[in-house]
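Owing to the predicted nature of the structure, the values given are computational and were not obtained by experimental measurement.
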Amino acid sequence: MAKAKQRKRLGEMLVEAGLVTKEQINKALEYSRKHGVRLGKALVRMNIVEEEDIIKTISEQLNIPYVDVGNILFDPEIVVLIPEAFARKNKVIPLFLVDDTLTVAISDPLNVYIIDDLANIVGKKINVVISTESDIETALKNFYANEGTISEAFAIEGLESRETGANEKPVIKLVNNILISAVKEEASDIHLEPGKTKLRVRFRVDGVLHTHKIKIPTYLNAAIISRIKIMGDLDIAEKRSPQDGRFPLDISGKKLDVRVSTLPTIFGEKIVLRLLDKSNILVGLDSLGIDETDFEIVLDALKTVNGILLVTGPTGSGKTTTLYAALQMLNSEDKNIITVEDPVEYQLKHVNQVQVNPQAGITFASGLRSILRQDPDIIMVGEIRDAETAEIAVQAALTGHLVLSTLHTNNAVSTISRLIDMKVEPFLLASSIRAIIAQRLVRKLCPHCIEAYPAAEAERAVLGDQTSGEITLYHGKGCNFCNKTGYKGRTGLYEILRPDRKIRNLVMNRRPMDELEDAALASGFTPMRKQGIRKVLKGITSLEEVLRVTRD
């Protein structure tokens with residue numbers, strides 16, 4: 001929306017909404033003329049109507065979205081697009097920039113001249129949302145503070161005293177800056193690691209940790225950690241025991257859920273913040289990078305009314321994303337889907353999600369046992385951690401339920417051995433397992449600096465008999481778009497085992513894993529490294545990256 005059209009006067013809108021009477025409007029207009037303020041401010045000062053009610057009425061009448069800017073962390077590079085004097089005078093603040101459209105929060109969208117002036121100032125299209133004047137003023141104060149410009153307000157040099165507390169503005173701005181930088185770099189985790197002389201800040205981007213350029217002296221450790229604990233609703237006084245918390249975050253229109261974990265070390269508390277982006281995890285099953293043939297195997301497993309589908313791999317390999325994608329595909333009004341998770345990372349519409357809480361007696365095993373009394377069609381167990389959970393999950397799969405779960409194993413075939421080690425009867429496994437998905441995440445080559453090169457002899461040896469003649473491989477040279485890494489984004493590597501009759505017989509007879517592997521290969525099973533090499537030859541990732549994640 002480039003402009004907000006003035007269809008009715010504010011007084012008419014408020015009368016129609018039943019918030020004020022015509023007599024009150026007349027009195028407010030008289031106050032407005034006498035004190036030189038707008039009608040809306042006059043109504044608020046006279047305690048006739050609340051500011052938020054006025055804004056929401058305008059929002060509904062003009063179909064302009066209402067945004068609470070008090071809960072948003074702003075990107076400094078976007079805020080400075082609008083001059084401070086103009087922003088303060090007109091009560092406007094930019095939220096985010098998409099292509100050539102700048103979205104701004106404004107308290108008076110009826111003033112079309114402000115919107116025209118904004119378009120001329122920034123040279124971009126203007127999209128308008130509405131917020132209260134007081135909230136916008138508070139947001140502006142946080143950025144155009146007395147310390148100076150935006151960049152100065154975020155600079156570490158602004159901290160002059162070693163007694164700076166957790167609630168002082170500079171520390172808040174410093175923490176905000178770290179969060180904003182992490183979101184900009186598309187980091188999945190932030191590591192704050194206290195050392196002897198400084199607090200090291202590292203971001204995990206595309207699965208690899210990088211040290212951030214910001215340098216923080218050790219005397220600020222306590223204040224920064226306390227600030228994050230306050231955000232995560234943790235006990236500031238407790239420094240000897242690990243703690244876990246979480247808080248929502250909105251940065252330039254991107255909504256995230258941040259999980260906080262503290263760990264006492266010899267130099268102080270180490271904090272890891274996991275940034276969970278809903279737009280990244282709630283993806284379709286067909287967009288994960290599963291090979292076409294294997295994708296059909298997964299679909300067949302999900303179409304069954306009973307049995308168990310297992311997703312395996314180490315921490316951070318994308319198992320939860322795969323499970324959520326499967327649940328979204330299965331989700332419909334005629335199914336009762338219940339999950340038990342630790343933690344519940346994202347809320348899924350029409351899915352009944354249970355949070356593990358050992359203090360309240362809710363474990364994976366006890367939660368799963370209770371779920372079975374809730375007439376479920378589909379059950380998702382966040383993780384099989386013990387023999388009891390494994391046994392109940394398999395029994396549920398055999399009694400008419402489709403069960404989805406995860407397990408920490410290195411590959412698909414070893415998952416069967418792991419479950420047998422957990423005392424699950426082999427004949428139950430043979431009857432219940434529909435498919436096993438083992439997965440890893442590999443970094444994708446940066447599309448801006450990808451470069452082809454002829455394969456060397458050592459690389460040809462690794463590729464094996466999958467190729468012949470001249471072989472072209474690819475790598476990323478490194479550019480500003482990918483922070484000189486040569487990689488941008490990630491995709492999945494998968495190996496998917498669907499037990500056939502021969503494999504089921506081997507399982508029931510407790511045959512060793514190498515026999516299971518031979519039978520799987522004979523049935524058409526494609527190992528993960530071979531799947532990875534196919535992506536290498538297509539220029540999706542590098543051979544080095546595939547070898548890194550499949551070396552086990």
Side-chain angles (χ1 to χ4, degrees), residues 71-75 96 175-192 201-210 212 227-234 242-263 270-285 287-289 311 313-328 331 339-357 364 380-383 404-406 408 439-441 443-444 488-492:
N71 294 325
I72 295 177
L73 290 181
F74 298 89
D75 187 336
F96 49 89
V175 171
N176 288 355
N177 190 32
I178 292 171
L179 291 168
I180 289 169
S181 296
V183 172
K184 271 188 172 184
E185 294 185 27
E186 300 180 6
S188 61
D189 301 87
I190 302 171
H191 290 241
L192 303 174
V201 180
R202 295 199 289 172
F203 295 165
R204 187 177 293 280
V205 181
D206 293 334
V208 179
L209 278 172
H210 302 280
H212 194 266
R227 170 60 185 164
I228 293 172
K229 282 185 171 182
I230 290 170
M231 296 173 75
D233 196 25
L234 301 179
Q243 296 187 68
D244 295 298
R246 65 195 306 163
F247 61 89
L249 190 63
D250 191 330
I251 296 182
S252 299
K254 179 176 283 190
K255 297 184 184 299
L256 304 108
D257 189 47
V258 182
R259 295 213 315 248
V260 185
S261 174
T262 72
L263 181 71
K270 179 183 187 294
I271 287 189
V272 173
L273 305 173
R274 170 150 288 187
L275 309 179
L276 300 169
D277 185 352
K278 295 181 182 180
S279 62
N280 284 344
I281 198 164
L282 299 179
V283 298
L285 194 63
S287 62
L288 296 179
V311 183
T315 301
S317 59
K319 298 188 298 296
T320 301
T321 301
T322 301
L323 283 182
Y324 277 23
L327 285 180
Q328 287 195 107
N331 199 357
T339 75
V340 54
E341 306 172 57
D342 184 24
V344 174
E345 295 192 356
Y346 293 110
Q347 296 178 5
L348 300 175
K349 193 174 182 180
H350 304 311
V351 175
N352 304 285
Q353 294 172 272
V354 178
Q355 168 72 54
V356 166
N357 185 356
F364 279 118
M380 193 269 271
V381 184
E383 183 183 343
L404 312 180
S405 191
T406 71
H408 285 280
Q439 65 180 75
R440 300 288 190 281
L441 292 176
R443 293 179 292 173
K444 295 191 293 185
K488 191 69 175 178
R490 289 193 288 178
T491 188

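- Side-chain atoms of Gln355 come within 3.5 Å of backbone N or O of Val344 as a donor-acceptor pair.
- With Leu404 as the fixed residue, the side chain to side chain contact (heavy atoms under 4.5 Å, CB included) test singles out one of Val311, Thr339, Leu327: Leu327.
- Using a 4.5 Å cut-off on side-chain heavy atoms (C-beta onward), Asp257 and Leu249 make no contact.
- Taken from CE in Met380 to CD in Gln353, the straight-line distance is 7.0 Å, to the nearest 0.5 Å.
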Legend entry - Verdict with supporting geometry, Ser405 and Glu383, side-chain contact (heavy atoms from CB on, under 4.5 Å): CA-CA 6 Å; Ser405 191; Glu383 183 183 343; 5.6 Å; no
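- Ring geometry for Tyr346 against Tyr324 counts as perpendicular: the plane angle is over 60°, on a 0 to 90° scale with 30° as the lower cut.
- Counting heavy atoms from C-beta outward, His191 and Leu209 have side chains that approach closer than 4.5 Å.
- For Thr262 (side chain) and Gln243 (main-chain N/O), a donor-acceptor pair under 3.5 Å exists by modelled atom type.
- Not a single donor-acceptor pair under 3.5 Å links the side chain of Thr491 to the backbone N or O of Gly289.
- Checked by atom type and distance alone, the side chain of Lys319 pairs as donor or acceptor with a backbone atom of Gly313 at under 3.5 Å.
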Inset, instruction - Check the pair Glu341 / Val354 against side-chain contact (heavy atoms from CB on, under 4.5 Å), numbers first and verdict last. - result: CA-CA 6 Å; Glu341 306 172 57; Val354 178; over 6 Å; no
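- The CZ atom of Arg246 sits 6.5 Å away from atom CZ of Arg259, with the distance rounded to the nearest 0.5 Å.
- Residues Leu273 and Ile271 meet the side-chain proximity criterion, which asks for heavy atoms closer than 4.5 Å.
- Listed by chain and number, the residues in a side chain to side chain contact (heavy atoms under 4.5 Å, CB included) with Leu288 are Val283, Leu285, Ile290, Thr321, Thr322, Ala325, Tyr494 (sequence neighbours excluded).
- Taking every heavy atom of both residues into account, His212 and Ser181 meet most closely at NE2-CB, 3.7 Å.
- Going from atom NZ of Lys255 over to atom CG of Asp250 covers 4.0 Å, rounded to the nearest 0.5 Å.
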Legend entry - Verdict with supporting geometry, Leu179 and Ile190, side-chain contact (heavy atoms from CB on, under 4.5 Å): CA-CA 8 Å; Leu179 291 168; Ile190 302 171; 3.9 Å; yes
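- Taking Asp206 as the reference, nothing meets the salt bridge (Lys or Arg N to Asp or Glu O under 4.0 Å) condition, with sequence neighbours excluded.
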Inset, instruction - Give the intermediate values and the outcome of side-chain contact (heavy atoms from CB on, under 4.5 Å) for residues Val260 and Met231. - result: CA-CA 9 Å; Val260 185; Met231 296 173 75; over 6 Å; no
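- For the pair Asn331 (side chain) and Lys349 (backbone), a donor-acceptor distance under 3.5 Å is present.
- One distance of note links CZ of Arg274 with OG of Ser188; it measures 6.0 Å at 0.5 Å rounding.
- In this structure, His210 has its ring center at least 6.0 angstrom away from the ring center of Phe203.
- Using a 4.5 Å heavy-atom threshold, the side chains of Lys488 and Glu186 count as touching.
- Formation of a donor-acceptor pair under 3.5 Å by the Gln439 side chain with backbone atoms of Gly318 is found in this model.
- The salt bridge (Lys or Arg N to Asp or Glu O under 4.0 Å) check on Arg204 picks up nothing, with sequence neighbours excluded.
- Atoms CG and CD1, on Asn176 and Ile251 in that order, are 8.0 Å from each other to the nearest 0.5 Å.
- More than 12 heavy atoms of other residues, nucleotides or ligands shown are found within 6.0 angstrom of CG on Asp244.
- A heavy-atom distance below 4.5 Å is not found between the side chains of Asp189 and Leu275.
- Leu441 and Gly316 make their closest contact through CD1-O, 3.6 Å (heavy atoms, listed as atom of the first residue, atom of the second, distance).
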